[in-house]
Amino acid sequence: MGTGLAIVLVFVGCCSNVVSLELLVREFPGCGNIVTFSQFIFITLEGFIFETNFGRKKPAIPIRNYVIMVTMFFTVSVINNYALNFNIPMPLHMIFRSGSLIANMIMGIIILKKRYSASKYLSIALVSAGIFICTIMSAKQVNMASEGSEEQGFYAFMHWLLGIAMLTFALLMSARMGIFQEKLYKQYGKHSKEALFYNHCLPLPGFLLLSTNIYNHCVHFSQSTPVVVPVVGLTVPIMWVYLLVNVITQYVCIRGVFILTTECASLTVTLVVTLRKFLSLIFSIIYFQNPFTTWHWVGTAVVFLGTLLYTEVWSSVQAALRGPDVKEKKAE
């Protein structure tokens with residue numbers, strides 16, 4: 001499968017997934033658990049059939065390592081979903097998670113004892129500044145939107161602050177998981193499809209702890225407005241339709257990223273994912289009319305400028321442009 005098709009899968013799958021998720025969250029802000037559970041079930045079934053050959057294929061990486069990875073993966077997924085219940089608007093949620101570069105650098109310095117170039121530190125400073133601007137502006141919106149007594153306003157702000165803390169923890173945990181996964185791949189070889197399956201299969205028992213919440217949202221979804229599904233002609237509650245679209249697009253998104261990582265350099269993958277996030281953000285703001293001030297735009301621009309600086313896109317372009325000249329000089 002070519003690089004062009006992989007990029008199309010990433011943009012179409014991931015952007016559509018963000019739209020379907022916001023349609024679900026706008027109706028039921030606490031539905032993150034049923035969404036995640038549905039995604040895990042779908043990817044597990046697909047992997048059980050096509051990756052493990054109905055359980056007959058043994059894993060290349062020991063299960064104990066997957067258990068550690070899955071614990072971190074499950075924690076990150078659940079915390080990111082719960083953060084939406086704490087006055088965190090979807091645009092801020094998306095921007096905040098774009099700070100993965102910061103988290104990766106911090107974890108790299110602490111755990112791997114890495115040192116980076118000045119341009120890398122500058123890019124991280126830009127991303128941090130962009131997220132800080134958007135966070136502060138959203139905090140002001142929370143304060144202005146709080147009606148009632150001063151005590152209620154303080155409670156709303158603390159509620160929002162807890163959501164920010166949850167997103168920060170999930171960001172750092174996700175970076176730690178990436179480093180752990182990188183070490184596994186170096187030791188046992190790259191088995192991304194296998195890791196994808198076990199990352200979604202092993203956490204399934206953990207959803208028993210969330211069964212009441214999942215069941216309640218199943219009831220709510222079933223009571224939503226019925227719509228007629230084209231071609232099939234069946235009448236289905238609209239929230240189940242949104243959920244099905246979300247699950248399918250999530251799978252397309254993950255598969256697209258996987259194909260991209262196998263066919264492109266990490267620079268290309270990072271750039272594509274960054275542009276995809278930016279496109280999703282713009283669409284979310286325009287289509288759903290989310291409150292977004294001038295300072296939000298400034299913060300967003302700074303975040304993505306820092307991300308592009310981190311990927312050294314301009315240096316790569318310059319190197320590509322200088323390529324022919326360099327070869328000619330060597331030939332002389």
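Numbers for residues simply follow the sequence, beginning at 1.
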On a heavy-atom basis, which atom in S38 and which in I34 lie closest, and how many Å separate them?
OG-O, 2.7 Å
Which residues pass the side chain to side chain donor-acceptor pair (under 3.5 Å) test with T36, not counting sequence neighbours?
N81
Non-neighbouring partners of S119 that pass side chain to side chain donor-acceptor pair (under 3.5 Å), sequence neighbours left out:
S117
Residue list, side-chain contact (heavy atoms from CB on, under 4.5 Å) with A125, at least two apart or on another chain:
none
Return the minimal non-hydrogen interatomic distance between R115 and I109, and the atom names on each side.
NH1-CG2, 3.7 Å
Residues forming a side-chain contact (heavy atoms from CB on, under 4.5 Å) with S211, sequence neighbours excluded
none
Report the distance from atom OG1 of T71 to atom OH of Y66, rounding to the nearest 0.5 Å.
14.0 Å
Non-neighbouring partners of F180 that pass side-chain contact (heavy atoms from CB on, under 4.5 Å), sequence neighbours left out
N65, I68, M69, M72, R176, L184
Are L23 and V12 connected, step by step, through hydrophobic side chains (Ile, Leu, Val, Met, Phe, Trp, Tyr) whose heavy atoms are closer than 4.5 Å?
no
Please work out which of the three classes, parallel, tilted or perpendicular, describes the rings of F221 and F28, given edges at 30° and 60°.
tilted
ring-ring contact (aromatic ring centres under 6.0 Å, His included) filter on F86, not counting sequence neighbours, yields H159
Within this structure, what is the NE2-OH distance for the pair H220 and Y215, rounded to the nearest 0.5 Å?
10.5 Å
Verify side chain to side chain contact (heavy atoms under 4.5 Å, CB included) between F169 and S174, making sure each step is shown before the conclusion.
CA-CA 9 Å; F169 177 81; S174 180; over 6 Å; no
Do the side chain of E27 and the main chain of M239 share a donor and acceptor less than 3.5 angstrom apart?
no
Taking every heavy atom of V302 against every heavy atom of A129, the minimum-distance pair comes out as CG1-CB, 4.4 Å
Checking T235 now: which residues fulfil side-chain contact (heavy atoms from CB on, under 4.5 Å) with it, not counting sequence neighbours?
P226, V228
Supply the atom-to-atom distance F37 CZ to L208 CG, rounded to the nearest 0.5 angstrom.
8.5 Å
Closest heavy-atom pair, L202 versus V67, reported as atoms and distance to 0.1 Å, is CD1-N, 4.1 Å
Quick check for you: to the nearest 0.5 Å, what is the distance between L210 atom CG and N216 atom CG?
12.0 Å
The test is side chain to side chain contact (heavy atoms under 4.5 Å, CB included); show your working for L305 and L309 and say whether it passes.
CA-CA 6 Å; L305 176 62; L309 179 62; 5.7 Å; no
I254 reachable from V8 in the ILVMFWY side-chain graph, under 4.5 Å edges:
no
Heavy-atom pair of closest approach, residues W240 and V236
CB-CG1, 3.9 Å
Between atom CD1 of I164 and atom CZ of F157, what is the distance when rounded to the nearest 0.5 Å?
9.5 Å
Across all chains, not counting sequence neighbours, the ring-ring contact (aromatic ring centres under 6.0 Å, His included) partners of H191 are none
Side chain to side chain donor-acceptor pair (under 3.5 Å) contacts touching residues 223-232 (sequence neighbours left out)
none
Shortest non-hydrogen pair, N85 vs G30, comes out as OD1-CA, 3.2 Å
Could you pull out every donor-acceptor pair under 3.5 Å between side chains of residues 241-252 and any protein atom, sequence neighbours left out?
| unit_1 | atom_1 | unit_2 | atom_2 | d |
| --- | --- | --- | --- | --- |
| N246 | OD1 | Q39 | NE2 | 2.6 |
| N246 | ND2 | N17 | O | 3.4 |
| N246 | ND2 | S20 | OG | 3.1 |
| T249 | OG1 | N17 | ND2 | 3.3 |
| T249 | OG1 | V245 | O | 2.8 |
| T249 | OG1 | N246 | O | 3.0 |
| Y251 | OH | E46 | OE2 | 3.0 |

Could you check if a side-chain atom of N33 sits within less than 4.5 angstrom of a side-chain atom of H217, using non-hydrogen atoms only?
no
Sequence neighbours excluded, every pair satisfying salt bridge (charged side-chain N to carboxylate O under 4.0 Å, His left out) that has a member inside residues 53-79:
E51-K57
Before giving the answer on side chain to side chain contact (heavy atoms under 4.5 Å, CB included), spell out for F197 and I43 the whole-Å C-alpha distance, their side-chain angles and the decisive distance to 0.1 Å.
CA-CA 7 Å; F197 167 71; I43 295 175; over 6 Å; no
Pairwise distance CG(L172) to CG(L167) - rounded to 0.5 angstrom:
11.0 Å
Sequence neighbours left out, what passes disulfide bond (SG atoms under 2.5 Å apart) with C201? Give chain and number order.
none
Within a radius of less than 6.0 Å around OH of Y121, do more than 12 heavy atoms belonging to other residues, nucleotides or ligands occur?
yes
